[in-house]
Amino acid sequence: SEKAFDFLLKLKGIIGELEIVHIIRKKLTARDMRKLNKKLSDTRTTCLNNKIDAEYHIYAGEISEEIIAAARDYKATCIIMGTRRKNAMSEFFSSKTAYHVVRKAHVPTLIVP
């Protein structure tokens, strides 16, 4: 997701609003939740400093379903996701999450290697 964020910052001239969505897959401790909120807040501040109107949201559940739900909730015009592996095509075909989001999303989806 950090690679995708760096990519988005390069597009700051054409991005009107950004909804930053983090999906929680497991129960977090209070300390982990504070760290997550701090990281998301810092990311939002970076956006605002780059003149990108941004808000962050935390969802919990199955990742691909929650990404699609967030896209609907915030009337997204595009979904941008990062990959973990260096080979983006290998990641796409082996990642259940990326595949399901691309297949089920109602808006274009960009996978950033």
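This chain uses plain numbering: 1 for the first residue, then up along the sequence.
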With the threshold set at 4.0 Å, does a side-chain nitrogen-carboxylate oxygen contact exist between Asp6 and Lys10? no

Hey, is Glu17 close enough to Lys75 for a salt bridge, meaning N to O under 4.0 Å? no

Let me confirm one number: the [atom1]-[atom2] distance from [X] to [Y], rounded to the nearest 0.5 Å.
{"X": "Arg34", "Y": "Asp32", "atom1": "CZ", "atom2": "CG", "answer": "9.0 Å"}
{"X": "Lys39", "Y": "Asp42", "atom1": "NZ", "atom2": "CG", "answer": "9.0 Å"}
{"X": "Thr45", "Y": "Leu40", "atom1": "OG1", "atom2": "CG", "answer": "11.0 Å"}
{"X": "Ile67", "Y": "Arg72", "atom1": "CD1", "atom2": "CZ", "answer": "13.0 Å"}
{"X": "His100", "Y": "Ile63", "atom1": "NE2", "atom2": "CD1", "answer": "11.5 Å"}
{"X": "Ile68", "Y": "Glu62", "atom1": "CD1", "atom2": "CD", "answer": "8.5 Å"}

Taking only residues two or more places apart in sequence or in another chain, which ones pass side chain to side chain contact (heavy atoms under 4.5 Å, CB included) with Leu11? Phe7, Ile14, Ile15

Return the orientation label for the His57 and Tyr74 ring planes: parallel under 30°, perpendicular over 60°, tilted otherwise. parallel

Of the options Leu18, Val21, Asn37, which is the one that meets Tyr56 in a side chain to side chain contact (heavy atoms under 4.5 Å, CB included)? Asn37

Determine whether Asp73 and Glu19 satisfy the following criterion, side chain to side chain contact (heavy atoms under 4.5 Å, CB included), listing intermediate values before the conclusion. CA-CA 10 Å; Asp73 290 349; Glu19 303 297 336; over 6 Å; no

Test of understanding: clusters of I, L, V, M, F, W, Y form through side-chain heavy atoms closer than 4.5 Å, transitively. Do Leu48 and Leu9 belong to the same one? no

Quick one: are Phe5 and Cys47 in side-chain contact, heavy atoms under 4.5 Å? yes

Minimum heavy-atom separation for [X] to [Y], with atom names?
{"X": "Ile111", "Y": "Ala98", "answer": "CD1-CB, 4.2 Å"}
{"X": "Ile20", "Y": "Ala54", "answer": "CD1-CB, 4.2 Å"}
{"X": "Lys3", "Y": "Val112", "answer": "O-CG1, 4.0 Å"}
{"X": "Ile79", "Y": "Ala105", "answer": "CD1-CB, 3.8 Å"}

Tell me whether Arg103 at atom CZ has more than 12 heavy atoms from other residues, nucleotides or ligands lying less than 6.0 Å away. yes

Is atom NZ of Lys104 surrounded by more than 12 heavy atoms (other residues, nucleotides or ligands) closer than 6.0 Å? yes

Given the rule in the side chain to side chain contact (heavy atoms under 4.5 Å, CB included) test, do Lys51 and Lys12 qualify, once you have shown the distances and angles that lead to the verdict? CA-CA 7 Å; Lys51 300 188 180 0; Lys12 64 184 175 185; over 6 Å; no

Stepwise side chain to side chain contact (heavy atoms under 4.5 Å, CB included) test for Leu8 and Ile52: CA-CA 10 Å; Leu8 285 171; Ile52 299 171; 5.7 Å; no

